[in-house]
Amino acid sequence: MKLTLKIWRQSGPNDKGRMETYPIDGIEEDMSFLEMIDVLNLQLVREGKDPIAFDHDCREGICGMCSMFINGEAHGPGRGITTCQLHMRRFKDGDTIFIEPWRSGSFPVIKDLVVDRGAFDRIQAAGGFVSVNTNGNLVDGNALPIAKDHADTAFDAATCIGCGACVATCPNGSAMLFVAAKVSQLSLLPQGRPEAKQRALAMVEQMDKEGFGNCSNTGACEVECPKEISLEHIARMNREYMAAAMTKE
Amino acid sequence: MALTGLFLCLFLVVHLAGNLQLLDASPEGRLKFNAYAEFMTSFPLIKVVSYVLYFSILFHAFDGLLLALQNRRARPVRYVKEKPMANRTWYSGQMAVLGTLVLVFLVIHMKSFWYEMHWGGLPKDADGNKDLFTVVNAAFHQGWYVALYVGMMGVLAFHLMHGFQSAFQSLGLNHPRYTPLIKNVGILFAVMVPVLFAMIPVWMFYFNA
Ligand code: HEM
Ligand code: SF4
Ligand code: FES
């Protein structure tokens, strides 16, 4: 099929950036969205032009790198998928497709569609871990009884791939769904309980420090999240945070 | 936000119950309404609650607008193409605009009745109470005032349509069994309360001499 692509081009963090138009032909329905960009980049390289910089790695929906805001939606149309899992059969011959980077003051654009998601790493580093004894006296994980429903809910939260679609799609640019997934995952398990209070406080504090917006429960994140992380986790984090804030010494 | 929002919701119910007395326009009904208004402005316990209410409105409005400002700053460069309707209701993203309209209405509304009741030097009725009924009746015989009132109740309805259930989520109250119920009660509340409020001026406009 034949398409018109309108893509955000920005040579570096200090460039103002602009949308540019690229006509493209010979795209097959079975191509993934990223393969379509590959075709465009090949064409650009052949013409001696700068190819479009975009993040990608696994191309199978597990790394969370392929951040693209496509036709006004994070990861484009379709639910529960990343950009690499989006196929061209979702589009029609002759379509115009807008492709933009994640927009958040906390995710500065590095080049074209590539943004710096270091803010997520710093939130993780603030408390998204379990301190373990590494002196050799390790306990068998299975020795700890964990209720099935807790294990399942923790696993659901753990499927978050840190892609940032929640931030990109939130009208407030809030990172609550990501942070809630991390807080939830650990607070539901016995290994994570001892540090639950410090974790909730520290991760929320870091989230605010990074300049993300405030959650007003529009629910847009849950709809666009490729891993369908539920708003229930945000409520759980709110409970954890309130309890921790009220009882901290 | 959630606590003040829910407190304001509770206030709406009490306020509505009081207002519904306006529907009885018989001479005794008018006296009863005036006596009720006098009670609400003078009884000490209600006075205390009313200060909590003034504080709640100011805090809710101030904090809401501050949060909305921070949210705008969190996305300094906006999308060229965005499809907000794909993943959220339009009113959930417009809480600050809807809230500001409610605030503007509140100022007009309080000038018309609350200010008049406290400092307006109203004439007394047969029982010696300030005759608020006559003031309300006069206001609700002006077509533009009734239209403004009804329109603003529509605005309030959308604020509550998102706000009611949102407050529970903010407080961490989310449960697969109860959240659907809270959402349905929220919609019912958001429709019923403003409709009943709006019914009063419309009724008075058409049916009260
Ligand atoms: C009778 C009047 C009002 C009622 C009953 C009411 C009720 C509510 C409720 C229940 C919420 C949800 C809170 C949450 O999710 O935590 C809310 C949110 C909000 N309200 Fe109001 N409100 C009223 C007036 C106002 C006014 C006057 C303003 C501003 C000028 C305002 C601005 C906001 C904003 C910006 C939010 C979203 C904030 C957020 O969730 O982060 N509201 N309101
Ligand atoms: S919560 Fe969902 S949208 Fe947000 S970072 Fe995790 S996987 Fe991505
Ligand atoms: S490239 Fe890894 S999730 Fe898309």
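Just so we're on the same page: letters track the sequence lines, and every chain starts at 1. Because the structure is a prediction, the values reported are computed rather than measured.
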Grab the two heavy atoms, one from A:Gly213 and one from B:Ala74, that are nearest each other, plus how far apart they are. N-CB, 3.5 Å
So for A:Phe69, is it side chain, backbone, both, or neither that comes closer than 4.5 Å to the heavy atoms of chain B? side chain
Note, B:Ser92 side chain near A:Asn217 side chain (heavy atom, < 4.5 Å): no
Inter-chain contacts: residues 10-22 of chain B against chain A, heavy atoms under 4.5 Å: none
Among residues 228-238 of chain A, residues within the sub-4.5 Å heavy-atom range of chain B, in order of number, are A:Leu231, A:Glu232, A:Ile234, A:Ala235, A:Asn238
Return yes when atom CZ of B:Arg73 has more than 12 non-hydrogen atoms of other residues, nucleotides or ligands closer than 6.0 Å, and no otherwise. no
Quick one: which residues of residues 75-87 of chain B reach chain A at under 4.5 angstrom, heavy atoms only? B:Arg75, B:Pro76, B:Val77, B:Arg78, B:Tyr79, B:Val80, B:Lys81, B:Glu82, B:Lys83, B:Ala86, B:Asn87
How close do A:Arg239 and B:Gly172 get, counting heavy atoms only, and between which atoms? NH1-O, 2.7 Å
Which bit of A:Ala74 is near chain B, if near means a heavy-atom gap under 4.5 Å: side chain, backbone, both or neither? neither
Can you tell which of A:Gly105, A:Ala220, A:Cys221 has the highest number of heavy-atom pairs within less than 4.5 Å of chain B? A:Ala220
Give, for atom CD of B:Gln94 and atom OG of A:Ser216, the distance between the pair rounded to the nearest 0.5 Å. 10.5 Å
Structural part of A:Pro77 lying under 4.5 Å from a heavy atom of chain B: neither
Count the heavy atoms of every other residue, nucleotide or ligand shown that sit under 6.0 Å from CE of A:Met242, and state whether that count exceeds 12. yes
Testing the basics here: between A:Asn214 and B:Gln70, what is the closest heavy-atom pair and its distance to 0.1 Å? ND2-OE1, 2.9 Å
Within residues 95-118 of chain B, which positions have a heavy-atom distance to chain A below 4.5 Å? none
In terms of heavy-atom pairs under 4.5 Å, which option from A:Glu210, A:Glu73, A:Glu240, A:Glu222 contacts chain B the most? A:Glu73
Is it true that, when you exclude B:Lys183 itself, more than 12 heavy atoms of the residues, nucleotides or ligands shown sit nearer than 6.0 Å to its NZ? no
Within the supplied structure, the quantity of interest is the number of heavy atoms (other residues, nucleotides, ligands) at a distance under 6.0 Å from B:Tyr51 OH; does it exceed 12? no
